[in-house]
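To keep things clear, I will list the structure first and then write my remarks on it.
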Amino acid sequence: MGRASDRRQVTRIDLGGPSTVRRQDTLAAEEPLEIRVGHRVGHRPPLAVTMRTPGDELDLALGFLLTEGVITAPRDIHTAQLCAGSGEANTYNVVDVVLADHVPPPAAGTERNFYTTSSCGVCGKASIDAIRTRSPHDVAADPVTVDARTLTLLPDRLRAAQRTFERTGGLHAAGLFTPSGELVTIREDVGRHNAVDKLIGAQLQAGRLPLAGHVLLVSGRASFELTQKAWMAGISVMAAVSAPSTLAVDLAAEAGMTLVGFLRGQTMNVYAGPHRVTT
């Protein structure tokens, strides 16, 4: 199985030092993951390929399927396993998902067979209409509130829990917190959308969805896609250390979510749902 990080030779140049130095550096690993989906009988074709950091592959695949609207609960999955296909060595870069009999397969010809990069999980989709999946959860009804002072503590707590980032400096993170600031779970990945899918997939397998009454913190910016993923998981409060996009703000307002951006130090911007942030 692939490792989350690996060592590579690097030439270190320090203009303030006496010379250049050759040394080993630790880098975040990046490998493709193919997700195959279908039923027990018949062919299970590839639905998506994403570039990801190895680890938590089943969480990633199931989180992706949930946030794409293919499944809604653990009962929608018959089996999910790492595989390689007939006659191939297992590279741990393929997840084979068998849907329960009552779940319709992803519709053919709907631009769902796409390639997602580690920087953009929605690249290749035909239009914004193709990704505006409606969530089954009424996040607007979630009465949870979070003290602004508690929110200011979350970035440092997330950063302290990023074990692979500590070695590589090259990974995004997604953290799920309680309203009191307790870290429930964290996932890291070279792709911020993968980190969120891994987190949601882990909670799905644990039977904890919907995630009402929690806060999702992401280490980068708040995109439309991440906001949609939070909505699909029933999360009503999402915060980011960087900026949101206009579509993220519009979607959060439409869903009744609270969206916080530029959560740094003692300041933040609340772009939607300010009634949940108390001072």
Side-chain angles (χ1 to χ4, degrees), residues 1-8 25-35 46-68 80 82 91-95 97 114-125 131 154-155 157-177 183-206 209 211 214-230 232-233 235 238-242 244-245 248:
M1 183 178 295
R3 294 179 293 181
S5 62
D6 208 347
R7 303 281 287 176
R8 292 290 188 274
D25 195 18
T26 302
L27 304 178
E30 185 175 28
E31 296 181 7
L33 180 71
E34 180 181 287
I35 302 172
L47 175 66
V49 176
T50 184
M51 299 302 296
R52 99 300 184 191
T53 299
D56 305 307
E57 282 80 10
L58 295 183
D59 289 344
L60 172 55
L62 297 184
F64 172 81
L65 293 179
L66 182 129
T67 58
E68 286 292 314
L82 286 162
T91 60
Y92 299 96
N93 284 339
V94 176
V95 174
V97 179
F114 55 87
Y115 174 86
T116 62
T117 70
S118 57
S119 61
C120 175
V122 300
C123 299
K125 295 216 176 180
I131 58 175
L154 302 190
R157 292 178 181 178
L158 183 70
R159 175 68 178 79
Q162 289 185 251
R163 295 179 180 178
T164 307
F165 181 90
E166 190 68 32
R167 298 193 301 271
T168 67
L171 289 179
H172 288 284
L176 188 69
F177 292 86
L183 179 61
V184 177
T185 189
I186 181 177
R187 289 293 186 272
E188 293 180 282
D189 199 275
V190 288
R192 53 181 171 267
H193 64 287
N194 287 339
V196 173
D197 277 341
K198 286 180 176 181
L199 184 151
I200 291 174
Q203 298 303 298
L204 171 71
Q205 295 197 79
L209 266 61
L211 295 172
H214 290 84
V215 179
L216 174 66
L217 175 64
V218 295
S219 60
R221 62 185 178 87
S223 65
F224 173 92
E225 186 197 17
L226 297 192
T227 307
Q228 175 188 265
K229 290 180 182 296
M232 292 296 290
I235 298 170
M238 176 175 160
V241 299
S242 191
S245 68

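This is a predicted model, so every value here is computed, not measured. Here, residue 1 is the first one in the sequence, and each next residue gets the next number.
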Exercise for the section: Report yes if some heavy atom in the side chain of Leu176 is under 4.5 Å from a heavy atom in the side chain of Ile235; otherwise report no. Expected result: yes
Handout entry: Test item: Leu209 and Leu66 side chains (from C-beta on) under 4.5 Å apart, heavy atoms
Key = yes
Practice task
Answer yes or no: is there a side-chain heavy-atom contact under 4.5 Å between Ile186 and Gln162?
Solution key: yes
Completion exercise
Correct closest heavy-atom pair for Asp189 and Gly191 would be OD1-N, 2.9 Å
Problem - Nearest heavy-atom neighbours spanning Ser245 and Phe224 - result: OG-N, 3.6 Å
Handout entry: Pairwise side-chain contact, Leu60 with Thr50, heavy-atom cut-off 4.5 Å (strictly under)
Key = yes
Fill in the blank from the handout: Closest heavy-atom pair, Ala248 versus Thr227, reported as atoms and distance to 0.1 Å, is CB-OG1, 3.4 Å
Problem - Beyond-backbone contact of Leu199 with Leu216, side-chain heavy atoms, under 4.5 angstrom - result: yes
Problem - Heavy-atom pair with the smallest gap, counting every atom of Ala222 and Met238 - result: CB-CE, 3.9 Å
Exercise for the section: Would you give the length of the straight line joining atom CG of Asp197 to atom CD1 of Ile35, rounded to the nearest 0.5 angstrom? Expected result: 7.5 Å
Problem - Exercise: identify the closest heavy-atom pair between Glu188 and Lys198 - result: O-NZ, 3.5 Å
Handout entry: Side chain Gln205, main chain Gln203, donor-acceptor under 3.5 Å
Key = no
Exercise for the section: Please check if the side chain of Lys229 supplies one atom and the backbone of Gly63 the other of a donor-acceptor pair under 3.5 Å. Expected result: no
Exercise for the section: Verify whether one side chain among Asn194 and Thr53 offers a donor that lies under 3.5 Å from an acceptor in the other. Expected result: no
Exercise for the section: May I ask you to test the Arg52-Asn93 pair for a side-chain heavy-atom distance under 4.5 Å? Expected result: yes
Practice task
Specify the closest pair of heavy atoms between Val95 and Ala61, including all atoms of both residues, with the distance to one decimal.
Solution key: CG1-CB, 3.7 Å
Handout entry: Separation of His172 NE2 from Leu158 CG (nearest 0.5 Å)
Key = 12.0 Å
Exercise for the section: Check the pair Arg221 / Arg192 against side-chain contact (heavy atoms from CB on, under 4.5 Å), numbers first and verdict last. Expected result: CA-CA 9 Å; Arg221 62 185 178 87; Arg192 53 181 171 267; 2.7 Å; yes
Practice task
Report yes if some heavy atom in the side chain of Ile200 is under 4.5 Å from a heavy atom in the side chain of Met232; otherwise report no.
Solution key: no
Handout entry: Contact check, side chains of Leu171 and Val190, non-hydrogen atoms, under 4.5 Å
Key = yes
